[in-house]
Q: 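Right, I'll just put the structure down here and ask away after.
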Amino acid sequence: MTLFVDVAFPRPLLRNYTYAVPDDLSGRVQPGVRVKASLGRQTAAGVVVRVHDEPPDERTAVKDIASVLDASPILPPSILEFTRKLAEYQASSWGALLGLALPPPPAPPLKRRTSRNEPEAAEQLELDLETTSAVASAAAEIGRKIGAGEHAEFLVWGGRGARRAMITEASRQALDHSRNVLVLLPDIARTGDLRFHLQAALGTAPALLHGRMTPRSQAAEWDRVSRGEARIILGSRSALFKPWPGIGLIIVEDESDESHFQADSPSYDVRRGALFRAEEENAVVVYVAGAPTVGSYARARADGSLRILGGEDPAPLVRVSDEAAEKDVLTRAMREGIAGCLAAGGRTVVFLNRRGYASLLFCPRCGFIPRCGKCGSVLPYHKKNDRLVCHACGTEEKRPSACPSCGHRVLEPRGGGVEALEEELKTVFPGARLAVFDRDRAGRAADRVKILGAYGRGRVDILIGTQLLVRQADLPPADFVGIFHPEAGLAFPDFLAPERTFQLLIRMIRFTRPGSKRRGVVIQTGFPDHYGIRAASRADFEAFFSEEIELRRLLGQPPYTAKAEVVLNGRDVRLLGRKSRILAERWRKFGPKVEVLGPSFASEAGRPGIKRVQLELRAESAAAITGLLTAGLRDVGLPATVVRHDGFIR
DNA sequence: AGCACGCCGACT
DNA sequence: GTCGGCGTGCTC
């Protein structure tokens with residue numbers, strides 16, 4: 001009887017390949033060992049995922065494996081199984097996900113020092129863990145599940161201090177039950193103080209694992225872990241895949257942060273991956289949030305896994321200022337807020353999520369608007385270098401001196417960006433020291449450190465930032481925060497737009513210092529009555545949630561239905577168009593229970609020249625979506641990124 | 001991902 | 001007439 005193995009290769013292949021095992025190797029193959037085998041015209045190493053005696057159908061010419069690389073499985077069954085589920089769920093390559101679990105190839109000899117670690121915010125260590133009774137009882141519950149070796153899922157919602165206490169106490173529970181802890185952070189810049197807290201509270205130094213570490217220090221940290229010296233790993237996405245035995249607790253910090261999703265190949269969502277891994281390890285997964293996503297909140301409330309910790313800082317006074325009622329660029333409330341803060345010698349942070357000087361130039365005579373010659377997007381104007389810069393594909397053009405269409409001599413700017421706001425603030429507050437924090441001026445790590453450093457030392461009175469600034473977790477708190485046009489994000493035809501706007505506002509508002517006497521926030525907007533903006537201004541998540549969930553219900557959006565956004569990438573627009581239409585046709589044939597939107601062109605993000613086409617799937621259940629994805633994408637043969645939103649309310 | 005086979009432009 | 005560009009398809 002011939003023995004066969006199914007092999008998953010660490011390449012973007014959407015299926016595995018079956019090989020015959022020569023008799024002399026048959027004793028050495030088992031799931032989890034690596035083998036070398038001929039793949040096409042080359043030889044590649046892959047992971048055995050199944051050993052069996054079923055020959056593939058006669059039409060396929062089965063090859064023999066060339067060699068077995070490991071004496072015993074390098075990956076345990078739990079890793080094989082959880083990556084299989086994740087690959088199926090995301091319609092990405094199982095082998096590529098397994099590739100993330102394999103030890104990295106030996107590091108090349110060190111050429112030059114690459115220790116460009118961003119300086120950690122030298123915060124003093126105050127160990128005032130807010131272990132309230134809510135934290136203690138949630139931790140005890142988590143501990144009981146861990147002790148029983150049961151898989152369970154929790155969503156924990158609370159303020160900053162309460163969350164940190166929660167992470168600490170839940171970790172203590174796991175360690176007490178001799179199980180290990182994996183903490184997945186969206187942003188590695190936030191590691192510093194959590195690491196010190198865990199070490200001080202639990203007496204054990206967590207290991208740090210993230211992609212931006214040098215291969216050397218990664219290997220060193222992983223060494224500590226595998227020797228059993230570290231019982232807690234703090235890591236970014238990639239840490240999820242480490243074949244580390246004994247995990248009893250997986251914590252996903254800041255659940256609503258979108259960087260838990262990895263878009264590039266292999267694409268996957270860490271939140272989903274953490275769940276699958278916890279299932280396989282009989283571990284508890286805890287999602288921690290300062291403001292949960294609507295989907296997970298609805299679900300946790302429905303199935304009883306929600307734990308509310310409280311402990312939020314007292315909300316600042318937020319004024320929503322209607323700019324339609326006034327004619328100056330800055331509304332009166334905004335001017336007074338900034339002026340008051342300046343007079344008291346406080347720090348002001350101003351958010352406007354629009355790069356450049358103007359979002360477009362416009363000919364007042366014929367209505368012409370310059371667009372990108374490469375990708376067709378409307379071109380924003382950057383005054384700093386007097387050029388039109390395409391934000392979609394990065395192409396730059398000279399500013400036309402006259403209208404290319406009718407020859408009119410002036411093109412007018414429309415839609416002010418941070419550069420225009422900087423100009424305005426300079427005029428209104430001539431003495432103030434300004435700095436701008438956007439991709440153009442803080443694109444590189446060194447510039448970010450410089451600007452934030454100056455601001456932190458009090459050498460900047462008003463810091464103007466785009467969304468890039470919202471992501472700076474270690475930004476020293478401000479006394480006054482001014483927010484301009486949060487409604488800009490609402491223009492996107494995406495059911496998540498209100499939720500994103502709400503989340504963004506909450507994060508911006510939280511940049512104010514709780515203890516400050518001059519603490520205040522002004523939101524200047526053209527949509528002062530939008531429910532998301534209103535709710536955010538009162539820091540009222542429940543209010544936002546109840547409005548939003550009702551709208552989702554009325555429109556049949558997740559979590560009332562299941563949805564997937566599928567983005568296909570390719571160079572050739574015609575091929576992309578053809579294949580995406582075939583795909584859509586196929587999915588539509590599944591009947592009336594499946595709704596297919598598109599294909600339509602998506603914005604050309606990332607590398608120039610790569611076109612993107614988007615499709616949207618909506619169905620009754622997540623399982624139905626999974627079925628459609630696997631049935632469709634396997635033979636399209638184009639790289640795809642899948643973002644899923646599950647439905648679970650009937 | 002890699003690698004080969006394919007069909008259109010400038011050239012020893 | 002060939003060399004070689006990278007678009008397209010395949011890998012048990």
Side-chain angles (χ1 to χ4, degrees), chain A residues 1-23 25-26 28-69 80 83-84 86-87 90-105 108 211 238 241 262-268 374 567-583 586 599 604 606-613 630 632-642:
Chain A
M1 189 180 65
T2 325
L3 203 58
F4 297 97
V5 287
D6 291 354
V7 180
F9 291 95
R11 294 174 185 214
L13 300 166
L14 289 182
R15 49 161 307 163
N16 301 323
Y17 292 87
T18 305
Y19 292 85
V21 183
D23 286 342
L25 294 179
S26 63
R28 299 179 53 201
V29 288
Q30 51 178 315
V33 301
R34 287 171 304 168
V35 292
K36 266 198 173 157
S38 124
L39 179 69
R41 252 143 286 219
Q42 32 166 351
T43 301
V47 177
V48 172
V49 294
R50 194 164 82 97
V51 182
H52 60 277
D53 56 10
E54 304 153 27
D57 69 82
E58 290 110 33
R59 285 170 296 153
T60 52
V62 184
K63 294 182 185 172
D64 283 358
I65 55 169
S67 61
V68 179
L69 296 176
L80 297 183
T83 49
R84 186 194 65 75
L86 188 58
Q90 297 286 338
S92 64
S93 156
W94 185 5
L97 290 180
L98 282 174
L100 301 175
L102 293 172
S238 54
F241 297 91
Q262 170 162 82
D264 15 287
S265 173
S267 72
Y268 61 90
K374 270 234 174 86
V567 179
L568 303 171
N569 306 302
R571 212 172 288 276
D572 179 0
V573 199
R574 292 191 51 195
L575 180 84
L576 210 51
R578 202 170 64 233
K579 289 202 168 183
S580 59
R581 285 179 62 187
I582 293 169
L583 191 59
R586 229 167 125 180
E604 194 174 320
R607 300 170 297 286
I610 303 292
K611 306 287 180 207
R612 288 147 42 92
V613 162
T630 36
L633 289 175
R634 182 158 296 171
D635 22 48
V636 175
L638 282 174
T641 309
V642 176

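Side-chain atoms are counted along with the backbone in the values below, which use heavy atoms only and exclude waters and symmetry mates. In what follows, chains are A, B, ... by sequence order, proteins preceding strands, each numbered from 1.
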Q: Start at the 5' end of DNA chain B and walk down; is the nucleotide closest to A:Pro12 or to A:Arg41 reached first?
A: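 Between the two, 5'-proximity favours A:Pro12.
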Q: To the nearest angstrom, how far is A:Arg15 atom CZ from C:dT11 atom P?
A: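 My rounded result for the distance is 9 Å.
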Q: Tell me: CZ of A:Arg59 to P of C:dC10, nearest whole Å?
A: 14 Å
Q: Under the side chain to side chain donor-acceptor pair (under 3.5 Å) rule, what pairs show up with a residue in residues 31-48 of chain A, not counting sequence neighbours?
A: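 For residues 31-48 of chain A: A:Arg34-A:Asp70, A:Ser38-A:Lys63.
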Q: Which whole-number value in Å describes the distance from A:Lys579 NZ to C:dT8 P?
A: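 After rounding, the reported distance stands at 9 Å.
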Q: If the condition is side chain to side chain donor-acceptor pair (under 3.5 Å), which residues does A:Arg28 pass it with, not counting sequence neighbours?
A: none
Q: C:dC10 C1' sits how many Å from A:Gln42 CD, rounded?
A: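 From A:Gln42 CD to C:dC10 C1': 11 Å.
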Q: May I have the distance from A:Ile582 (atom CD1) to C:dG9 (atom C1'), rounded to whole angstrom?
A: 14 Å
Q: Among residues at least two apart in sequence or on other chains, which ones pass side chain to side chain contact (heavy atoms under 4.5 Å, CB included) with A:Glu54?
A: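 A:Glu54 satisfies side chain to side chain contact (heavy atoms under 4.5 Å, CB included) with A:Arg50, A:His52 only.
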Q: Could you walk me through whether A:Ser26 and A:Val21 pass side-chain contact (heavy atoms from CB on, under 4.5 Å), step by step?
A: CA-CA 6 Å; A:Ser26 63; A:Val21 183; 4.3 Å; yes
Q: Within this structure, what is the CD-to-P distance between A:Glu58 and C:dC12, rounded to whole angstrom?
A: 18 Å
Q: With sequence neighbours excluded, tell me which residues meet salt bridge (Lys or Arg N to Asp or Glu O under 4.0 Å) with A:Asp57.
A: A:Arg59
Q: Given side chains that start at C-beta, do those of A:Val642 and A:Leu633 come closer than 4.5 Å, heavy atoms only?
A: yes
Q: Within this structure, what is the CZ-to-P distance between A:Phe9 and C:dC10, rounded to whole angstrom?
A: 18 Å
Q: Reading DNA chain B 5' to 3', which nucleotide is the first, and which the last, to come under 4.0 Å of any heavy atom in chain A?
A: B:dA1 to B:dA4
Q: Separation of A:Leu39 atom CG from C:dT11 atom C1', in whole Å?
A: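 Distance, rounded to whole Å: 5 Å.
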Q: Could I get the full list of side chain to side chain contact (heavy atoms under 4.5 Å, CB included) partners for A:Ala44, not counting sequence neighbours?
A: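 Side chain to side chain contact (heavy atoms under 4.5 Å, CB included) list for A:Ala44, sorted by chain: A:Phe9, A:Arg11, A:Leu39.
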Q: Would one find a side-chain N or O of A:Tyr19 under 4.0 angstrom from OP1 or OP2 of C:dC12?
A: yes
Q: May I ask you to say what A:Ser265 touches in the nucleic acid, namely base, sugar-phosphate or nothing, with a heavy-atom cut-off under 4.0 Å?
A: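 No contact.
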